[in-house]
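Letters go in sequence order (proteins before strands), and every chain restarts at 1.
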Amino acid sequence: MKPWSRQCSKRQARIRSIDAIISCGHESPSPTGVLGSWSVLRMSQMFMPTLREVPSEAEIPSHQLMLRAGMMRKAMSGVYSYLPLGYRVIRKVEQIVREEMDRQGGQELLFPAIQPADIWKLTGRWEDYGGEMFRLKDRGGRELCLGPTHEELATITLRDETRSYRQLPKLVYQIQTKFRDEIRPRFGVMRAREFIMKDMYSFDRDDEGCEVSYRKMYEAYRRAFDRMGLHYIVVEAESGAIGGTHNHEFMVVSDVGEAGIVFCEACGYAASEERADAAAVPEPESAPSLAADRSHARTIATPDVRTIDDLIGFLGVSPRQMVKTMVFVADGEPVAALIRGDRDVNEVKLRRALGCASLELAAPEVIEEVTGAPVGFAGPIGLKQAITIIADPEVLHVVDGVIGANAADAHIVGVRYGVDFTAHRVEDIRIVVAGDECPRCGTPLKGARGIEVGHLFKLGTKYSSRLDARYLDEAGQERSVIMGSYGIGITRCVAAIIEEYHDADGIIWPMSVAPYHVIVLPLNTTDEQQLKVAESLHSELEKLGVEVVLDDRDERPGVKFKDADLIGFPVKVTVGARGLAQCRVEVGLRRGGQTTMVGLDEAATYVSELVRSELALLSKL
RNA sequence: CGAGGUGUAGCGCAGUUUGGUAGCGCGCUUGGUUCGGGACCAAGAGGCCCCGGGUUCAAGUCCCGGCACCUCGACCA
């Protein structure tokens, strides 16, 4: 590659005419020779079926564009075939991730996609994963699954070869197809049932070592997403089914994101909605003054008024005056959660507060049993059964409150916590929303939607203890390996990039992940001269290390322009009669749409410099 | 799993109410004219109307049962 480009650039100094540049391109065997040429990427021969119309199944831009630009086709719900163009982008993203993993000392390997059930049973996840896991049996009746993730396999693989602290730490990763039988696949590859993921696992001697690995991955993720051109925020998150103690999500801010996030512009706090802590609520007034505040509670008839909205209309009060009583069943035991009427219970927080494994909203029959009233009239006073009552701190500040009366068609008004009712425990159990105070600095939080493209977990010994991954430390003491798990959704990144980089005409690939850097576009392929110039430019660019395709199709110029914009080649070189009359071609940048007329003899170097400068924008690290 | 919707040519859709020869636009093929932002003329090809059963002289259309896909919800990386 290098010698070629040197030869060519020397020669370019001498080139003055169209014929000259054509001859330069023909230094290698003619691409139009009898045998044709496989080295020239000709659109006429490539498999990139673009769609003029929007497939009706696609709702969001990335899904529509991945289908329209010929990147993929659906095989079934949530499962896609990646066509050449789409697969090239996937490999670009993979390669960026691979390089950043390697930079941090990661070692790539490949686990099987198909896994035995027994290791999953040992960690309890054979049950925990539930219907989301694709399960199958072999002909011998052995239970297997298609890996939704690989913690178990990674753990036993390292375990079997690790005896001593001298063998730690280890960072291994793979780029694998994962299988998850999503309840509802949607948005193309954004939430698919089969998708490509990079997953890394760290194995350390102790928490300090794990912290080092974790930080390495944090850094690797920053670099990788920066190189893809993605803009993200890092949030504190819940750990879900993977479990563990501490974790962060890398979220690309996007209206189509499935996760709600809140963040503070003042202090940098950021968390998923389900994880975000509520700001501390100051203690309510002291007991004596409360005692002095005589109760004004009275029961009133509220026929068929069950919901907060109904109550607002019926009583003309603010939802902030109401106290919702929600009955849950925690590990089989009913509990009541009290929360202000304008708030929602965060079930993850409630589960943590109660320390229970399972938690679900109580069925209507249970509610009737507990409250003695139909659904919609539950309240903390006079519950039929003595169950645990847990209140959100905000409830303590409700004055002249409204609660259900635990009787059909009745509510109690004028109540106050500490005067008319109490709870066994007071804990933050509410979902934090935009506008709430930042738990760290008190500034109102901003809200956004986010696409989760990466997740970092500290796993502790969750897997190593259950799968016996131990080692001997310096003192000869046997200890469990401390693990971490780190995922990047490769295919989801591709969708996220498109969400961030598109316009009405199509995709606008950042140079680093574009399927090809440049498209050379002869406007009229029946014009011998245009075609020759285009072919020459194509081979010139290839010699300069530029990834370039030639749109040699016998199509109208409009069709070619539309396809080029749709597919999103960052640079477009238009070869038309108008320009050639002045020995020039037009070089256009998809991003921003600027175009420049460039002389034939300098076109190739101009374009390759443009490609390089665009690449540099993304790798200023 | 709950609620709703849609399955008709490669894509987007009409036709189903009121049963009677399978339609439109784009795309595709051939010929011609065109050629700087999804051209024009002419001639064509292409359909198990999702599948199975039923009613009827006759079913894309009506009835029953499946399946697939999409949307909202619950759930989840």
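- Atom CG in A:D565 sits roughly 13 Å away from atom C1' in B:G36 (whole-Å rounding).
- Here the side chains of A:Y221 and A:Y232 are not in contact, with every heavy-atom distance at 4.5 Å or above.
- Using a 4.0 Å cut-off, no side-chain N or O of A:R186 falls inside it from OP1 or OP2 of B:U71.
- Within the 4.0 angstrom heavy-atom criterion, base atoms lie near A:T526.
- Atom CG in A:L523 sits about 12 Å away from atom P in B:G38, given to the nearest Å.
- Across every strand in view, B:G65 sits in a pair with B:C51 that passes the Watson-Crick or G-U test at under 3.5 angstrom.
- Between the P atom of B:G2 and the CG atom of A:L361 lies a distance of 18 Å, rounded to the nearest Å.
- We find that CZ of A:R68 is positioned 15 Å from P of B:C11, with the value rounded to whole Å.
- A distance of about 14 Å separates the P atoms of B:A9 and B:G23, rounded to the whole Å.
- Comparing B:C70, B:G38, B:C28 by their nearest atom to the side chain of A:S77 picks out B:C70.
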**Request:** Could you please spell out the steps behind the side chain to side chain donor-acceptor pair (under 3.5 Å) verdict for A:E152 and A:T123?
**Result:** CA-CA 8 Å; A:E152 282 81 357; A:T123 58; 2.6 Å; yes

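- The separation of B:A43 from B:G52, taken at their C1' atoms, amounts to 41 Å, rounded to a whole angstrom.
- Residue contacts shown for A:G489 are absent, as no nucleic acid heavy atom lies under 4.0 Å away.
- Residue A:R184 places its side chain closer to B:G73 than to any other of B:C76, B:G73, B:C35.
- In this structure, A:R135 is positioned above the aromatic face of A:W126, its NZ or CZ under 6.0 Å from the six-membered ring centre and within 45° of the axis.
- Distances shorter than 4.0 Å separate some side-chain N or O of A:S56 from OP1 or OP2 on B:G12.
- Nucleic acid contact for A:E586: base, since at least one base atom lies under 4.0 Å from a heavy atom of the residue.
- Of the candidates B:A77, B:C75, B:C72, the closest approach to any side-chain atom of A:E452 belongs to B:A77.
- Remark: B:C28 base-pairs with B:G44. Criterion, Watson-Crick or G-U wobble with two distances under 3.5 Å.
- A:R553 places its CZ atom 13 Å from the C1' atom of B:G37, with the value rounded to the nearest Å.
- Separating the P atom of B:U16 from that of B:U61 is a span of 12 Å, rounded to the nearest Å.
- One can place CZ of A:F328 at 13 Å from P of B:A74, the figure rounded to the nearest angstrom.
- Nearest-nucleotide positions on RNA chain B for A:R584 and A:E258 put A:R584 closer to the 5' end.
- Side-chain atoms of A:D199 and A:Q174 form a donor-acceptor pair, as typed in the model, at a separation below 3.5 Å.
- Looking at A:W509, its side chain does come within 3.5 Å of a backbone N or O of A:I567 through a donor-acceptor pair.
- Proximity of the aromatic rings of A:F250 and A:Y218 is defined here by a centroid distance below 6.0 angstrom, and this criterion is met.
- Ranking B:G36, B:A77, B:C26 by closeness to the A:R52 side chain, first place goes to B:C26.
- For A:E57, the listed nucleotide lying nearest its side chain is B:C70; candidates were B:C70, B:A39, B:C76.
- With B:A77, B:G25, B:G38 as the candidates, the nucleotide lying closest to the side chain of A:R180 is B:A77.
- Counting any heavy atom pair closer than 4.0 Å across all strands shown, A:G579 reaches a base atom.
- Atom name C1', nucleotides B:G32 and B:C69: the rounded distance is 43 Å, in whole Å.
- For the P atoms, the distance from B:C67 to B:A77 is 29 Å, rounded to whole Å.
- Shown here, B:G4 forms a base pair with B:C70; the pair counts as Watson-Crick or G-U wobble because both key distances fall under 3.5 Å.
- Residues A:F457 and A:H455 place their aromatic rings such that the two centres sit under 6.0 Å apart.
- With sequence neighbours excluded, no residue satisfies ring-ring contact (aromatic ring centres under 6.0 Å, His included) with A:F195.
- Nucleotides B:C64 and B:U17 place their P atoms 15 Å apart, quoted to the nearest Å.
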**Request:** Please test A:E151 against A:S485 for side chain to side chain donor-acceptor pair (under 3.5 Å), starting from the C-alpha separation and ending with a verdict.
**Result:** CA-CA 7 Å; A:E151 278 80 13; A:S485 159; 2.8 Å; yes

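- Across all strands shown, A:D563 has heavy atoms under 4.0 Å from base atoms, whether or not it also approaches the sugar-phosphate.
- Using bins of under 30°, 30° to 60° and over 60° for the plane-to-plane angle, the ring pair A:H231/A:Y501 lands in the tilted bin.
- Atoms OH (A:Y129) and P (B:A77) sit 7 Å apart, rounded to a whole Å.
- In this model, the phosphate group of B:U34 is not approached by any side-chain N or O of A:R556 to a distance below 4.0 Å at OP1 or OP2.
- Only the C1' atoms considered, B:C28 is 32 Å distant from B:G20, to the nearest whole Å.
- Between the base of B:G38 and the side chain of A:E555 there is no donor-acceptor pair shorter than 3.5 Å.
- Judged by Watson-Crick or G-U wobble contacts below 3.5 Å, the nucleotide B:A77 has no partner.
- The partner of B:A59, taking Watson-Crick or G-U wobble pairs whose two distances both stay under 3.5 Å, does not exist in any strand shown.
- Partner assigned to B:C13 is B:G23, using Watson-Crick or G-U wobble distances below 3.5 angstrom.
- Relative orientation of the A:Y516 and A:F569 rings is tilted, given thresholds of 30° and 60° on the angle between their planes.
- Contacts of A:K560 with the nucleic acid, taken as non-hydrogen atoms under 4.0 Å apart, are absent.
- Nucleotides B:A22 and B:U8, compared at atom C1', are 9 Å apart to the nearest Å.
- At whole-Å resolution of the value, CG in A:N524 and P in B:C35 are 8 Å apart.
- The stretch residues 188-195 of chain A touches RNA chain B through A:R191, A:A192, A:F195, each having a heavy atom within less than 4.0 Å of the strand.
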